[in-house]
Engineer: 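Here it is, the structure, as C-alpha cells.
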Amino acid sequence: MNELDEEGRQKRLEALAPDLLADLEADDEGDDHPLPDLPNAEEGAVRMRLAPNPNGPWHLGSARMPAVIGTYKDRYDGWMLCRFDDTDPETKRPDLAAYDAILDAIDYLGFEPDEVARASDRMETYYEHARELIDLGGAYTCSCPAAEFSELKNSGEACPHREKAPETTREEFDAMVAGEYDAGEMVLRVCTNIEHKNPALRDWVAFRMIDTPHPREAASEHRCWPLLDFQSGIDDHLFGVTHIIRGIDLQDSAKRQRFLYDYFGWEYPDVTHWGHVQIDAYDVKMSTSTIKGLVEAGDLDGWDDPRAPTVASLRRRGIRGDAITEAMVSLGTSTSNVDLAMSAIYAANRERIDEETDRAFLVRDGVEKTVVGGPETGEPPVHPNHEDRGVREIPVEGAVLIEPDDVPANGERVWLKGYGCVRHTRDAFEFVGTDIDVVREEDVPVVHWVPADDNRTVLLRTMEGDVEGRAEPGIASRDPDEMVQFERIGFARIDAQNEGETVAYYAHS
RNA sequence: GCUCGGUUGGUGUAGUCCGGCCAAUCAUUUCGGCCUUUCGAGCCGAUGACCGGGGUUCGAAUCCCCGACCGAGCACCA
C-alpha cells in the first residue's frame, strides 16, 4: 500500500471500500474556516463595508481589507459596500485615479462590492444629521484655537462655547455649511463627557472648515467637512452595516461613535479591530504617501514597479489575486501586529500556477562555451509532469551559454538539461553522452543553458532590480500575460515583446 | 504623562471565553531524503513555540497577581 502514489491509493481504496472513501471526501470538504466566526452573525444578514481612503492606489496592506471582509461576505452570503471615505480634501487629498484603481484591485483580489458610494456625495446627509444632533443638545460650535481647547480638555475643563444655546449653534453651523468661516475658525464638537477618564473621548470634533476645494467636481463647493468619526459613524448606521472590521488605530473611534449612536438611539455594529500588517522582503516602506513620493520623484517606475509593495506590482508580476487573498486571510484578525511573509503569498500562488506553467531556459550573465561532438538540438520537456505537452526543440549550433556558477572546473562534467552530458576541456564542452546514470550515480550537476547564437534577449524585472539574460528562442513567441517558469530561476510573467527583446516580470521561485 | 490593547516555533495561525481529550493544530520557512533525460517545481520526512516570576488547583498555554517587552489613541488625518 505504501508503495502506491496518492492516486494509486485512491483507486485501490475505491475498489476495497467505497463507503470509507466517501467518508474521507466528506471530511475533506468539511466547513473548516480559516477565519473565526463573526460575532452574532446570521446567515444572509451580514452587512459589511470596505471604507478605503482614495488618496492613492493600494499598497499590499490594504488588500487585507477586501480579502478578509470579502471572505466573510461569501461565507455568510452577506452584503458588502465599498464606501470611499474621502472627506479630507487637504491632508489626505483624494487621488482621482485611485477610485477606479481601488475598485479594480478589489476585483483582482476576487470580490465584488454590492454597492459603491462616495462620502463626498453624501454631504447633505451629514449636515442633516448634524442639525438633528444639535437639536438634541449633542453638539456645539466652538471657535477655540485647537491648542487652547486641547489644554482645557486635558485638564478636564469645558470651554465657554459648551453652554451655548442650541439655536446659536444651529445658526453658526449653518454659517459653517455656507462657507462663511475660514479654516480653523470654527468647528462643531460632539458633546460627550469632558471629564471622561480617557482624554481621547472628550468632546471630539465632528466638522471643520477646509479652504482647499475637493478634487471631485461634484464636491468642490463644500468647505465644511465631517471628520471620520462622524461621517463613518452616520454612514455605517444608514447603510445598515452589522459588522465592522478595521485597524486598531480606530479602537477609540468606536468609543467616540457610541456617543453619537446613543444620542440617535441607534445600536452600534459588532466591531473587530485588527493590528497592523508588515510585509517582509521590501526595501520600500509600505505607506501610500511614501510610495507616492517615490513614484513622483521617478525612483519607482510607477505603482506597479516590481520593487513597489503594491497590489498593482504583484499583479504585474503575475501573482494571482486569490493567492494574495489566501495569504491575507491566513493572518486572521488578531489585534496584535503581524508580519506577512511574502513566501506565504508565493507558496499560495505556486500552488495555483505550477501545473499549467510551461518551462523555459533563461541564462543570466552567460558564459559562452563551444560544444564539440554533440547532437544538433536539445529537447527538454515543455512540462516535466506532462509528457503530452511535448518538448522544446532548442538548436545548439556548436555553442551554448550557461551561468558562471554552473561552469564546471576544467576536466569536470555537467549535464545540460534536455541535451546530455559534457566535459569541460580546454575551454570547450566536449560531448560525453546521454547516459543519465552519470547524474544518478556520479552526482554530475544538471544545469540549464541556451544556444550561444540563436537566443532571445530578456529583460527580467525583479524586486532587486532589472536583470538581463538570454532565453531560448521560443520565448519570443509567448504572448504578453503568459506565465513561464525559467528553470532553476523561478516563475515570471511575460510583460511585453519589444523589438529584439522580451520583457518579463519575476514572480517568485 | 493619561487611556486602551497585545505577547504560542524563523513567520503566520488554532487552542485561551467554559482549566484536563494540548508533552500544543495547520500552513509557510529552513534542512534532509525521494521522484523525474532528474525543474530553486513536486512528493515524503525532520528540526522548531506557550514573554518572565509568583499564586490558585489533583491538574494551567488557558484563571488570578506582579513585572518585562511591543503597539495604539489623547489631531480641525483616515
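Per chain, numbering begins at 1; letters A, B, ... match sequence-line order.
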Engineer: Please state whether the base of B:rC39 and the side chain of A:Asn385 form at least one donor-acceptor pair under 3.5 Å?
Structural biologist: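 Donor-acceptor pair under 3.5 Å: yes.
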Engineer: Indicate every side-chain donor-acceptor pair of residues 334-342 of chain A with a distance under 3.5 Å to a residue at least two apart or in another chain.
Structural biologist:
residue	atom	partner	partner atom	Å
A:Ser334	OG	A:Ser336	N	3.4
A:Ser334	OG	A:Ser336	OG	3.1
A:Asn337	OD1	A:His276	N	2.9

Engineer: Counting only heavy atoms not in A:Glu387, do more than 12 sit closer than 6.0 Å to its CD atom?
Structural biologist: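 No - once you tally the heavy atoms of other residues, nucleotides and ligands closer than 6.0 Å, there are 12 at most.
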Engineer: I want to verify a distance call: between B:rA41, B:rU37, B:rC77, whose nearest atom is closest to the A:Asp88 side chain?
Structural biologist: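 Closest nucleotide among those given: B:rC77.
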Engineer: Any base atoms under 4.0 Å from A:Leu250, or only sugar-phosphate, or nothing? Heavy atoms, all strands.
Structural biologist: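 Base: the residue A:Leu250, judged by heavy atoms under 4.0 Å, touches a nucleobase.
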Engineer: So what does A:Thr357 touch, heavy atoms closer than 4.0 Å: a base, only the sugar-phosphate, or nothing?
Structural biologist: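 The answer is nothing, as A:Thr357 stays clear of every strand by at least 4.0 Å.
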Engineer: Side chain of A:Ser334, heavy atoms from C-beta onward: which of B:rC39, B:rU37, B:rU13 has the nearest atom to it?
Structural biologist: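 Closest nucleotide among those given: B:rU13.
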Engineer: Return the nearest nucleotide to the side chain of A:Gln485; candidates are B:rC77, B:rC39, B:rU13.
Structural biologist: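 So the nucleotide nearest the side chain must be B:rC39.
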Engineer: Under 3.5 Å, which protein N or O atoms sit close to an N or O of nucleotides 4-8 of chain B? Give each pair with its distance.
Structural biologist:
residue	atom	partner	partner atom	Å
B:rC4	OP1	A:Lys197	NZ	3.0
B:rC4	O2'	A:Lys255	NZ	3.4

Engineer: May I ask you to say whether A:Glu430 pairs ionically with A:Arg423, meaning some side-chain N is under 4.0 Å from a carboxylate O?
Structural biologist: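 Judged by the 4.0 Å cut-off on N to carboxylate O distance, A:Glu430 and A:Arg423 do not form a salt bridge.
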Engineer: So, is A:Arg93 close to the B:rA78 phosphate, meaning a side-chain N or O under 4.0 Å from OP1 or OP2?
Structural biologist: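 False: A:Arg93 side-chain N/O out of range (4.0 Å or more) of B:rA78 OP1/OP2.
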Engineer: At under 4.0 Å between heavy atoms, what does A:Ser150 touch on the DNA or RNA strands: base, sugar-phosphate, or nothing?
Structural biologist: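 A:Ser150: backbone/sugar contact only, no base atoms under 4.0 Å.
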Engineer: Any N/O pairs under 3.5 Å between the protein and nucleotides 24-28 of chain B? List them or say none.
Structural biologist:
residue	atom	partner	partner atom	Å
B:rU28	O2'	A:Ser343	OG	3.3

Engineer: Please work out if A:Val338 contacts a base, only the sugar-phosphate, or nothing of the nucleic acid, heavy-atom cut-off 4.0 Å.
Structural biologist: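 Result for A:Val338 = sugar-phosphate.
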Engineer: Whether A:Lys255 and A:Asp229 form a salt bridge (side-chain N of Lys/Arg under 4.0 Å from carboxylate O of Asp/Glu) is what I want to check.
Structural biologist: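 Looking at A:Asp229 and A:Lys255, the cut-off is not met.
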Engineer: When we call it a touch if two heavy atoms are under 4.0 Å apart, what does A:His276 touch: a base, just sugar-phosphate, or nothing?
Structural biologist: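 Counting heavy atoms under 4.0 Å across all strands, the contact made by A:His276 is with sugar-phosphate only.
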Engineer: Between A:Asp203 and A:Arg162, is the closest basic N to carboxylate O distance under 4.0 Å?
Structural biologist: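 Between A:Asp203 and A:Arg162 there is a salt bridge, with a charged N closer than 4.0 Å to a carboxylate O.
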Engineer: Once you apply a heavy-atom cut-off of 4.0 Å, does A:Leu331 come out as touching a base, just sugar-phosphate, or nothing?
Structural biologist: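 The residue A:Leu331 makes sugar-phosphate contact but no base contact.
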Engineer: For a quick check of understanding: with a heavy-atom distance under 4.0 Å over all strands, which category does A:Gly490 fall into, base, sugar-phosphate or nothing?
Structural biologist: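 Result for A:Gly490 = nothing.
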